[in-house]
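For ligands, and for the atoms within them, numbers begin at 1 and follow the listed sequence. Sequential numbering from 1 along the given sequence is applied to the chain's residues. Bear in mind the structure is a predicted one, so any value in this text is a computation, not a measurement. We use all heavy atoms of the structure for the numbers below, so side chains are in, but hydrogens, waters and symmetry mates are not.
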Amino acid sequence: MTDSYQGSAVLVTGAASGIGRATAKRFAAGGARLCCFDIDEAGAETTAAAIREQGGDAFSCCGDVSSEVDTKATVSAALERFGQLDVLANVAGIGHFRHTEEESAEEWNRILGVNLTGAFLMARDAIPALLDTRGVIVNVASVAGLSAHPYAAAYGASKGGVVLLTKTLALEYASRGLRVNAVCPSGVVTPILDQFTRPDEAEESLFMRIVAPNCNLIEPEEIACAIEFLASPEMPNMTGAIVVVDGGVTV
Ligand SMILES: NC(=O)c1ccc[n+]([C@@H]2O[C@H](COP(=O)([O-])OP(=O)(O)OC[C@H]3O[C@@H](n4cnc5c(N)ncnc54)[C@H](O)[C@@H]3O)[C@@H](O)[C@H]2O)c1
């Protein structure tokens with residue numbers, strides 16, 4: 001890791017835990033100033049405090065990515081503090097396995113609201129500032145957004161949406177210097193896995209589709225590394241890229 005982000009300002013959603021926390025720490029190690037945004041106030045502050053303890057510049061912001069009030073306020077807070085925004089990492093997410101006939105409209109809307117609308121709102125509100133810096137958006141999608149996962153209609157639809165949101169924004173803003181990329185991980189060892197308990201009477205054989213041939217679970221730091229690569233100023237022509245980190249699940 002170099003100091004390629006010295007002077008940059010980075011906003012990470014989902015920064016209280018897992019991939020978001022590892023991402024915030026990775027950018028901070030590269031010299032970036034961090035806005036750590038999460039619905040989990042204490043967790044986001046723990047991440048920001050850990051960065052400050054290492055000599056970095058970070059603050060936490062509490063809010064819900066599916067709320068326009070919160071996304072606007074967070075972007076404003078980052079701009080007020082840093083005067084610029086160079087990278088938006090949309091990492092916040094939720095999900096679960098459900099038999100589709102048992103999925104409530106409320107649960108469906110919540111998953112779509114956080115994973116897809118949340119990524120859209122953050123992008124929409126950050127784009128004016130990112131255009132000023134010829135910045136980058138990196139979205140965290142999932143292999144569930146590329147091929148079917150069992151009992152994951154809402155999660156898969158939301159992540160498939162994130163993949164196409166990424167490509168669409170990449171096309172729309174390419175000529176104005178804003179890049180938009182996404183990473184699609186398979187299973188990463190983070191607390192979100194606890195949300196994915198197998199439903200009763202699930203067809204076990206369907207889960208074989210999502211087991212990596214190398215049988216590894218991924219560490220969140222590896223996904224943070226991919227996010228940092230996709231944001232890197234050394235990759236000015238990388239936009240619209242959907243990078244799969246999955247131990248071979250989708251080959
Ligand atoms: N862990 C995996 O196996 C895996 C695989 C593929 C993709 N992903 C994606 O990676 C991203 C990060 O997940 P993770 O694995 O680090 O899980 P995690 O549960 O450790 O972190 C998710 C974070 O998002 C925050 N969050 C949830 N709802 C929010 C909201 N409405 N507003 C703001 N913050 C909110 C949570 O508080 C938490 O800090 C998610 O988008 C997830 O879908 C994870």
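Note that CG of Leu146 and CG of Asp246 are 8.5 Å apart. Values are rounded to the nearest 0.5 Å. Separation of atoms CD (Glu219) and CD1 (Ile223) is listed at 10.0 Å; rounding is to 0.5 Å. Considering SG of Cys62 and CG of Asp70, their distance stands at 7.5 Å, rounded to 0.5 Å.
Residues meeting the side-chain hydrogen bond (donor to acceptor under 3.5 Å, both in side chains) test with Thr166, sequence neighbours left out: Asn139.
A salt bridge between Arg26 and Glu221 is absent, with no side-chain N of the basic residue lying under 4.0 Å from a carboxylate O of the acidic one.
Listed as neighbours of ligand 1 are Gly14, Ala16, Ser17, Gly18, Ile19, Asp38, Ile39, Asp40, Gly63, Asp64, Val65, Val91, Ala92, Gly93, Ile94, Arg110, Val114, Val140, Ala141, Ser142, Tyr155, Lys159, Pro185, Ser186, Gly187, Val188, Thr190, Pro191, Ile192, Leu193, each bearing a heavy atom under 4.0 Å from the ligand.
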Inset, instruction - In sequence, state the C-alpha distance, the side-chain angles, and the governing distance for Leu88 and Leu130, and then conclude on side-chain contact (heavy atoms from CB on, under 4.5 Å). - result: CA-CA 8 Å; Leu88 165 65; Leu130 291 169; 4.2 Å; yes

